[in-house]
Structure formats: structure tokens, C-alpha cells
Novice: 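One structure follows; several queries about it will come next.
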Amino acid sequence: VDGENPETLIKNADIAMYRAKTGGKNQCIYCSPELKDETITKMKLTNSLYRALDRNELYLNYQPQIKAETQEIIGFEALLRWNNKEYGLVSPNIFIPMAEQTGLIRQIGLWTIKTACEHFKSFKKCYGKDISLSINLSIEQLRDNNITEKISKVLLDTETNAKDIRIEITESIAFNEDPNILQRLIEIRNLGISISIDDFGKGYSSFNRLKTFPIDILKIDMDFVRGITSPSKKDRAIIRSIIQIAKNLNIAVLAEGVETKEQYTYLKDNGCDMIQGYYFYKPMPANEIE
Ligand code: C2E
Ligand code: MG
Ligand code: MG
């Protein structure tokens with residue numbers, strides 16, 4: 001049933017073992033046909049990702065960020081998109097982890113910074129006001145000891161002012177364990193770039209980190225924003241507390257995933273500085289932003 005020759009049997013056993021390992025230890029997993037299909041698709045997808053840059057399948061969308069008080073646009077977050085010939089639009093939640101696992105994220109990430117800086121130059125010219133550009137950076141990119149020089153070179157090449165750039169990183173265990181990551185972040189911040197913590201509150205949030213890491217902005221995770229309208233008062237309490245802590249530490253707060261007027265009003269009234277979400281703007285291609 002699980003393979004008609006030794007090679008296939010071992011391969012399928014390997015697929016099941018891999019799944020068991022990723023699902024935590026001490027599990028028994030059988031190699032079902034669904035699991036096999038999934039694994040094959042993932043392998044094909046990963047192979048296509050290797051060629052995505054060369055085939056011009058990657059592009060960037062930009063989501064405006066607004067000042068809560070005045071509703072004026074104060075910046076944009078660059079969001080990576082992959083339109084594959086065979087699979088169509090693949091979600092970043094699927095292909096970014098693949099890019100991280102394969103190490104491709106370093107190359108793709110650098111392309112993202114360069115492309116975003118080029119677009120940003122044109123946004124600035126069109127808009128005429130002070131705006132910033134937020135770029136997501138994977139922890140994997142921070143493991144590259146030369147990342148600071150690479151970013152610095154892109155800024156120089158694209159004539160971008162470091163003061164206009166914000167790097168977004170999500171919290172992860174790596175944060176705590178690898179002292180090099182802190183070092184890279186300090187170097188990047190010394191260029192004049194500011195640091196945002198993405199999806200704050202979702203994963204491994206640590207108060208200690210707010211103390212030790214150079215942080216300029218906290219982005220409240222959208223799960224909390226969704227809870228604003230729920231009967232339980234817990235999400236609202238957490239949001240108010242995050243805003244208070246941030247204020248006391250001189251860190252700005254941005255709420256993401258704001259979809260309704262009610263959510264926006266609650267956040268503004270409780271001192272949230274910036275807003276990002278479908279209620280105001282969805283991510284859009286560069287020409288639409290212009
Ligand atoms: P993120 O950085 O937290 O980005 C916010 C995500 O929320 C984006 O999803 C955005 O489209 C979505 N979003 C914004 N407003 C709303 C809203 O009002 N409602 C809802 N339901 N969603 C909203 P997206 O573009 O699918 O990106 C997912 C994640 O993929 C990002 O989360 C980020 O972690 C990662 N990502 C995207 N681009 C890059 C990149 O260039 N580099 C790296 N390393 N990661 C990236
Ligand atoms: Mg982000
Ligand atoms: Mg986020």
C-alpha cells in the first residue's frame with residue numbers, strides 16, 4: 001500500500017517521519033495519499049521559488065499606514081507577492097517560510113529592499129510630504145553577518161535616506177538565543193533605520209526584550225484588534241496595556257489589520273499612534289499608490 005519497491009517505501013516513510021518531527025516529538029504519522037500530495041506540491045513549489053526572481057514572478061504591493069489622529073498617510077509597508085505560472089498567487093505565509101528554509105530569503109530579501117527603495121523614491125516625489133517605507137526582514141536575513149553593509153549599499157545606490165526606512169521583524173526564539181541578531185539590529189539602527197516589532201503580542205513577546213533591544217515601533221497584532229468588538233473585555237485590556245507600556249518606554253504604536261470604524265475609533269481614543277488596515281487601505285501595486 002505504501003510503496004511497491006524499497007525506494008518508494010523508504011521515501012514515503014521519510015515523508016511521514018518529517019511530518020511527525022515538525023508536529024512535535026513522540027508522534028506516529030502514517031504516509032497518507034494527502035500527505036504525499038502535499039509534500040510533492042511543496043517540493044514543486046520550492047523548486048519554482050528558486051526560479052521566481054529570474055522569471056520576474058515576484059513583485060511588491062504597498063499598504064498605506066496612517067496617522068490615527070489626522071488619518072493622513074505617513075508611510076507604506078512593502079509586502080511581497082509571488083505570482084507563479086502554474087500555481088497562481090501563492091500566499092506569503094506559504095512561500096516566505098519556504099524561502100527561509102532554503103536560504104533563498106537572503107537573495108529575495110535584498111531584491112525586495114532594492115525594489116521598494118526605488119518605488120519609494122517615486123512615491124515621495126508624487127506625494128511631496130514626509131513619508132516612511134517599512135520593509136519586512138526575516139530573522140534568517142539577520143543571520144547574514146554582512147546584512148548591514150548590503151542594506152547600506154542599497155540605500156546608497158537608490159539614493160534613499162536611512163531615516164525614511166523602517167525594518168519590521170517578528171519576534172522569535174532566535175531573538176533570545178542568538179546574540180549576533182542583537183548585534184546586527186544595533187548596526188542596522190546605527191545606519192539611521194528604525195526598528196519595528198511586527199505582530200507584537202502574538203508569539204514570544206518578552207518584556208525583557210523591550211528593555212534590551214533597540215525598538216522604535218510596536219505593531220499590535222491583528223488578533224487583538226479583531227477582539228476589540230468581542231464581548232470579552234480581554235483584548236481591549238491587552239491593547240490598552242500594550243499602548244501604555246509602549247508610551248512609557250517611548251516606543252510608538254501601530255495597530256495592524258484594522259477593518260472597521262469601531263476598531264479605528266477605539267484605537268485612536270486609547271492613544272494608538274498609527275493605523276494600518278483594510279478599513280483605510282488594502283495593499284496595492286506601486287502604480288496605484290502613485
Ligand atoms: P505582516 O508583515 O504582519 O503584514 C501584514 C499582513 O496583514 C499582510 O498580509 C497584509 O496584507 C495583511 N493585512 C493588512 N491589513 C489587513 C486587514 O485589515 N485585514 C486583514 N485580514 N489582513 C490585513 P500578507 O501580505 O499576506 O503578508 C503576510 C506576511 O508575510 C507578512 O505579515 C510578513 O510577515 C510576511 N511578508 C510579506 N512580505 C514580506 C517580505 O518582503 N519579507 C519578509 N521576510 N516577510 C514578508
Ligand atoms: Mg510587517
Ligand atoms: Mg504583522
Side-chain angles (χ1 to χ4, degrees), residues 49 52-53 57-66 73 75-83 88-117 119-120 132-144 147 151 154 165-172 174 181 184 188 194-205 215-229 242 253-264 267 272 274-286 288-289:
L49 192 55
L53 259 183
E57 291 179 346
L58 297 176
Y59 62 96
L60 294 176
N61 267 354
Y62 297 88
Q63 187 175 30
Q65 302 168 323
I66 65 144
I73 294 177
F76 303 92
E77 177 175 5
L79 293 160
L80 197 54
R81 295 289 176 264
W82 179 24
N83 195 357
L89 263 182
V90 185
S91 161
N93 295 318
I94 293 179
F95 76 81
I96 301 273
M98 283 177 173
E100 288 172 341
Q101 275 158 28
T102 51
L104 273 171
I105 193 69
R106 294 192 181 183
Q107 196 191 345
I108 292 176
L110 208 62
W111 174 87
T112 301
I113 301 173
K114 189 162 179 288
T115 310
C117 284
H119 281 148
F120 181 66
S132 67
L133 170 67
S134 296
I135 301 170
N136 293 286
L137 208 71
S138 153
I139 289 275
E140 189 46 44
Q141 288 172 271
L142 287 172
R143 292 213 174 90
D144 176 357
I147 184 71
I151 294 178
V154 172
I165 305 298
R166 293 174 179 164
I167 291 298
E168 294 192 4
I169 35 166
T170 52
E171 307 175 275
S172 95
I181 302 243
R184 297 290 88 76
I188 290 175
S194 29
I195 311 282
S196 307
I197 299 295
D198 211 344
D199 307 338
F200 184 77
K202 194 179 185 178
Y204 309 92
S205 308
I215 295 167
D216 302 283
I217 296 171
L218 280 190
K219 294 188 79 172
I220 301 178
D221 188 67
M222 59 178 105
D223 276 354
F224 299 114
V225 174
R226 290 224 175 89
I228 286 177
T229 43
I242 294 178
V253 189
L254 184 150
E256 56 182 347
V258 175
E259 293 181 347
T260 67
K261 186 168 185 208
E262 210 175 342
Q263 292 168 348
Y264 160 65
L267 288 157
C272 183
M274 294 164 279
I275 305 280
Q276 190 179 338
Y278 296 171
Y279 178 62
F280 289 100
Y281 303 98
K282 287 196 170 174
M284 296 174 261
E288 255 176 74
I289 295 283

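The basis for the numbers below is simple: all heavy atoms, side chains too, and nothing from hydrogens, waters or symmetry mates. When a ligand or atom number is given, it counts from 1 through the structure's own listing order. Numbers here are sequence positions counted from 1.
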Novice: Any N/O of Asn136 closer than 3.5 Å to an N/O of ligand 1?
Specialist: yes
Novice: So, does Ser91 sit close enough to ligand 1 that a heavy atom of it is under 4.0 Å from the ligand?
Specialist: no
Novice: Which heavy atom of Met274 sits nearest to which heavy atom of Ile217, and what is that distance?
Specialist: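 Taking every non-hydrogen atom into account, CE-CD1, 4.1 Å.
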Novice: Report yes or no: does Pro283 have a heavy atom closer than 4.0 Å to ligand 1?
Specialist: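 It does; at least one heavy atom falls under 4.0 Å.
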Novice: Would a 4.0 Å cut-off, counted as strictly less than, catch a protein heavy atom around atom 1 (P) of ligand 1?
Specialist: yes
Novice: From the Mg ion (ligand 2) out to just under 2.8 Å, does an N/O/S atom of Asn136 turn up?
Specialist: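 It does: Asn136 brings an N, O or S atom closer than 2.8 Å to the Mg ion (ligand 2).
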Novice: Looking at atom 9 (O) of ligand 1, tell me if a protein heavy atom falls under 4.0 Å from it.
Specialist: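 Within 4.0 Å: no protein heavy atom nearby.
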Novice: Under 3.5 Å, side chain of Glu288 to main-chain N/O of Pro285, donor-acceptor pair present?
Specialist: no
Novice: Flag Asp199 as yes if one of its N/O/S atoms falls below 2.8 Å of the Mg ion (ligand 2), otherwise no.
Specialist: no
Novice: Using only N, O or S atoms, tell me which atom of Glu77 is closest to the Mg ion (ligand 2).
Specialist: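 Among the N, O or S atoms of Glu77, the one closest to the Mg ion (ligand 2) is OE2.
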Novice: Quick check: Gln63 and ligand 1, any N/O pair under 3.5 Å apart?
Specialist: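 Looking only at distances, the answer is yes, because the N/O contact criterion of under 3.5 Å is met.
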Novice: Rounded to 10 degrees, what angle sits at the Mg ion (ligand 2) between Asp198 OD2 and Glu168 OE1?
Specialist: 90°
Novice: Would you mind running through ligand 1 and noting each atom that sits below 4.0 Å from a heavy atom of Arg226?
Specialist: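 Numbered from 1, ligand 1 contributes 21 (N).
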Novice: Looking only at distances, can you tell me whether any N or O atom of Gln276, backbone or side chain, sits closer than 3.5 Å to an N or O atom of ligand 1?
Specialist: no
Novice: Does only the side chain of Leu80 get under 4.0 Å from ligand 1, or the backbone, or both, or neither? Count heavy atoms.
Specialist: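 Answer for Leu80: both.
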Novice: Is atom 32 (O) of ligand 1 in close reach of the protein, with a heavy atom under 4.0 Å away?
Specialist: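 Given the 4.0 Å limit, the answer for atom 32 (O) of ligand 1 is no, no protein heavy atom qualifies.
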Novice: Which of these, Thr115, Asn136, Ile96, sits in a side chain to side chain contact (heavy atoms under 4.5 Å, CB included) with Leu80?
Specialist: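 By the side chain to side chain contact (heavy atoms under 4.5 Å, CB included) criterion, Leu80 pairs with just one of Thr115, Asn136, Ile96: Ile96.
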Novice: Has Met222 got any heavy atom lying under 4.0 angstrom from an atom of ligand 1?
Specialist: yes
Novice: Check if Glu77 has a non-hydrogen atom at a distance under 4.0 Å from any atom of ligand 1.
Specialist: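 It does; at least one heavy atom falls under 4.0 Å.
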Novice: Could you tell me whether ligand 1 has any atom less than 4.0 Å away from a heavy atom of Arg81?
Specialist: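 True for this residue.
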Novice: With the threshold set at under 4.0 angstrom, would you say Glu259 reaches ligand 1 through any of its heavy atoms?
Specialist: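 True for this residue.
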Novice: Please tabulate, for the side chains in residues 218-229, all donor-acceptor contacts under 3.5 angstrom to protein atoms that are two or more places apart in sequence or on a different chain.
Specialist:
{"from": "Lys219", "atom 1": "NZ", "to": "Glu77", "atom 2": "OE1", "distance (Å)": "2.9"}
{"from": "Lys219", "atom 1": "NZ", "to": "Glu168", "atom 2": "OE1", "distance (Å)": "3.2"}
{"from": "Lys219", "atom 1": "NZ", "to": "Glu168", "atom 2": "OE2", "distance (Å)": "2.8"}
{"from": "Lys219", "atom 1": "NZ", "to": "Gln276", "atom 2": "OE1", "distance (Å)": "3.0"}
{"from": "Asp221", "atom 1": "OD2", "to": "Asp223", "atom 2": "N", "distance (Å)": "3.1"}

